[in-house]
Amino acid sequence: MTDYAMIREQVKGLAEASTDYVPLFSNVSAILYEQLPDLNWAGFYLMDKGCLLVGPFQGKAACIRIQLGKGVCGTAAAEDRIIRVEDVHEFPGHIACDAASNSEIVVPLHGKEGVVGVLDIDSPKKNRFSEADEEGLAGLGALLDQITDFSRLSI
Ligand code: SME
């Protein structure tokens, strides 16, 4: 089982050097991609002039812009809720950046202005993400909400 408490401690350590979202989220992507088994993508989409723009990530090249309300990421951002999808092929409007993806979890992130982006994690395995993963990633999202400097975003 993934040790999310340890991941949070690693992230707090990284934030001592910089809380700017680019260096912090680059390293968070690397940590998640390395420490969660069976992933094919882990990273961030951040708000940019009213839509989601791809940010730091690990994995294959991905879609660059996602409209709010579209796909799993756009829906999670528009509705400000975590979305855990057992089988992405059954999610209406799912955006297939990588045909190998079968399950996905998306966690909205918040700054002073409200939703500022999402953490998106994909797996080639169906039903990869458990309730425990959802709790762990919700905790990580809450930590990132608290410590991240989003001031360079053009929301
Ligand atoms: N599948 C996502 C798009 C982003 S990629 O998977 C990296 C979605 O439906 O929002």
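Remember, it's a predicted structure, so these values are computed and weren't measured experimentally. Remember, it's 1-based here, ligands and their atoms both numbered in the order they're listed.
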Would you be so kind as to tabulate the donor-acceptor pairs closer than 3.5 Å made by side chains of residues 108-121, with sequence neighbours excluded?
residue : atom : partner : partner atom : Å
His110  : ND1  : Asp145  : OD2          : 2.8
His110  : NE2  : Asp80   : OD1          : 2.6
His110  : NE2  : Asp80   : OD2          : 3.3

Please state whether the rings of Phe57 and Trp41 are parallel, tilted or perpendicular, taking 30° and 60° as the class boundaries.
parallel
Residues which pass disulfide bond (SG atoms under 2.5 Å apart) with Cys51, listed by chain and number, not counting sequence neighbours:
none
For the backbone of Phe150 and the side chain of Thr148, can you confirm whether one donor and one acceptor N or O come within less than 3.5 Å of each other?
no
Distances under 3.5 Å, N/O of ligand 1 against N/O of the protein: list each pair and its distance.
residue  : atom   : partner : partner atom : Å
ligand 1 : 1 (N)  : His94   : NE2          : 3.3
ligand 1 : 1 (N)  : Ile95   : O            : 2.7
ligand 1 : 1 (N)  : Glu104  : OE1          : 3.1
ligand 1 : 1 (N)  : Glu104  : OE2          : 3.2
ligand 1 : 6 (O)  : Asp122  : OD1          : 3.4
ligand 1 : 6 (O)  : Asp122  : OD2          : 3.2
ligand 1 : 9 (O)  : Val72   : N            : 3.0
ligand 1 : 9 (O)  : Ile95   : N            : 2.9
ligand 1 : 10 (O) : Val72   : N            : 3.0
ligand 1 : 10 (O) : Cys73   : N            : 2.8

For Glu79, the salt bridge (charged side-chain N to carboxylate O under 4.0 Å, His left out) test, sequence neighbours excluded, returns Arg81
Can you classify the ring geometry of Phe25 versus Phe44 as parallel (below 30°), tilted (30 to 60°) or perpendicular (above 60°)?
parallel
